[in-house]
Amino acid sequence: MAKKNDTIYIGCHLSSAGGFLSMGKAALSINANTFAFFTRNPRGGKAKEIDPEDAKALRDILEREKFGKLVAHAPYTLNPCSAKENVRAFAYEAMSDDMKRMEYLPGNYYNFHPGSHVGQGVETGIEQIADLLNRILTPQQSTIVLLETMAGKGSEIGGTFEELREIIDRVELKEKMGVCLDTCHVSDAGYDIAKDPDGVLTQFDKVVGLERLRALHINDSLNDVGAHKDRHAKIGEGTLGFEAIKRIVHHPKLVGLPCILETPNELPGYGREIEMLK
Ligand code: FE
Ligand code: FE
Ligand code: ZN
């Protein structure tokens, strides 16, 4: 068995507008040792050309400063189980292009929202999501693709651990797949991660397997357990609370995973939350 990494990796979502090196510098400025970024405009689809020198400059920082894995985020408009053919086609185009772009930062994570089936039914949705992954994943890629746990808002898939398991079950290259657990989303989905983290992790382990859990989105929630709303709050300003969130970040079964803050903050606010949670 590999030696357990007991470093706390914590960072936040950063703007990719200034390129890779500028994200590395922003992360360092707030004592982050991991971060997340959108691979392209979160609401649209257009991706900026990658400058290989810029990517190399970030890789140097990541190595020198011993960063944990980065957790890139797919655009919100990516929906592999839309009822619309052109939306599903965009999901394929964007994700396959993102896989190529991710190889400029090899060995990191790429997280996406499994999708909303918009009335097609969960079963069809799960099949379409798995089908997309089976067309995209290759044995050569160094990126691990993560399904994000969702709040179960509307027709979102991924609001239960069982749905995530069913997607992974249908993917051929399972070694390229993992899960990113969002604390706000799982709580909204009905898993009481604040009051019973051990119980929720045991359930996750039984259904999906803890070895699949590769990253965490650390958010407080504006709503109660099971609200199916998905509204993030600053750490300590929501229904989960600071103590509960700090326990999750330092949970012995989770230490070593990248923890990404997606709270409503600018850079200084993220810096304070990182300080609080370390
Ligand atoms: Fe997300
Ligand atoms: Fe999230
Ligand atoms: Zn969310």
Side-chain angles (χ1 to χ4, degrees), residues 9-16 32 34-45 68-81 91 94-95 98 102 108-116 129 132-133 143-161 163-164 167 177-191 193-194 200 204 208 212-235 237-240 245 248-249 254 257-265 269-270 273-274 277:
Y9 294 104
I10 183 161
C12 62
H13 201 99
L14 293 173
S15 164
S16 56
T34 177
F35 62 88
F37 62 95
F38 283 118
T39 52
R40 57 189 65 227
N41 184 326
R43 312 257 164 220
K69 303 271 188 198
L70 305 185
V71 191
H73 199 302
Y76 292 139
T77 47
L78 193 153
N79 183 8
C81 55
M95 197 185 280
D98 282 348
M102 286 297 292
N108 287 297
Y109 297 141
Y110 176 82
N111 168 77
F112 78 108
H113 297 179
S116 293
I129 296 161
L132 173 84
L133 290 163
T143 304
I144 304 291
V145 174
L146 308 183
L147 300 165
E148 181 167 351
T149 61
M150 302 308 291
K153 188 176 67 180
S155 67
E156 262 174 10
I157 291 182
T160 67
F161 298 156
E163 288 172 1
L164 300 176
I167 296 167
M177 292 299 301
V179 172
C180 171
L181 185 148
D182 185 311
T183 56
C184 164
H185 295 178
V186 289
S187 174
D188 278 29
Y191 298 98
I193 187 103
V200 174
F204 185 94
V208 182
R212 291 257 178 244
L213 185 54
R214 297 303 189 91
L216 302 169
H217 282 172
I218 301 295
N219 303 304
D220 215 326
S221 174
L222 286 179
N223 294 287
D224 290 326
V225 177
H228 302 296
K229 289 275 206 261
D230 188 5
R231 305 232 2 243
H232 301 189
K234 291 182 184 172
I235 304 305
E237 296 184 11
T239 56
L240 276 64
I245 291 173
I248 294 164
V249 169
L254 303 177
L257 302 183
C259 294
I260 306 295
L261 294 157
E262 299 175 309
T263 48
N265 270 308
Y270 281 131
E273 290 187 339
I274 289 168
L277 289 170

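Being a predicted model, the structure only gives us computed values, none of them experimental. Both counts, for ligands and for their atoms, begin at 1 and track the order of listing.
- His113 contributes NE2 as its N, O or S atom closest to the Fe ion (ligand 1).
- Listing protein N, O or S atoms at distances below 2.8 Å from the Zn ion (ligand 3), with waters left out, gives His185 NE2, Asp230 OD1, His232 NE2.
- Closest approach of Met177 to Ile144, counting heavy atoms only: C-CG2, 3.9 Å.
- Residues His113 and Glu148 bring a donor and an acceptor atom of their side chains to less than 3.5 Å of each other.
- Minimum interatomic distance between Tyr110 and Ala74 (heavy atoms only, all atoms of both residues): OH-CB, 3.2 Å.
- Between the Ser187 side chain and the Ile193 main chain, no donor and acceptor come within less than 3.5 Å of each other.
- Qualifying side chain to side chain donor-acceptor pair (under 3.5 Å) partners for Asp230, counting only residues two or more places apart in sequence or in other chains: His185, His232.
- Of all heavy-atom pairs between Cys81 and Ile157, the closest is SG-CD1, 4.2 Å.
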Chi angles and distances behind the ring-ring contact (aromatic ring centres under 6.0 Å, His included) call for Tyr191, Phe204: CA-CA 10 Å; Tyr191 298 98; Phe204 185 94; 8.9 Å; no
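- Contact check for Ile260 versus Asn111: no side-chain heavy atoms found under the 4.5 Å cut-off.
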Intermediate values then yes/no, ring-ring contact (aromatic ring centres under 6.0 Å, His included), His13 and Phe38: CA-CA 8 Å; His13 201 99; Phe38 283 118; 4.5 Å; yes
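- Shown here are the side-chain contact (heavy atoms from CB on, under 4.5 Å) partners of Leu222, two or more places apart in sequence or in another chain: Arg231, Ala233.
- Counting only distances under 2.8 Å, and ignoring water, the protein N, O or S atoms around the Fe ion (ligand 2) are Glu148 OE2, Asp182 OD2, His217 ND1, Glu262 OE1.
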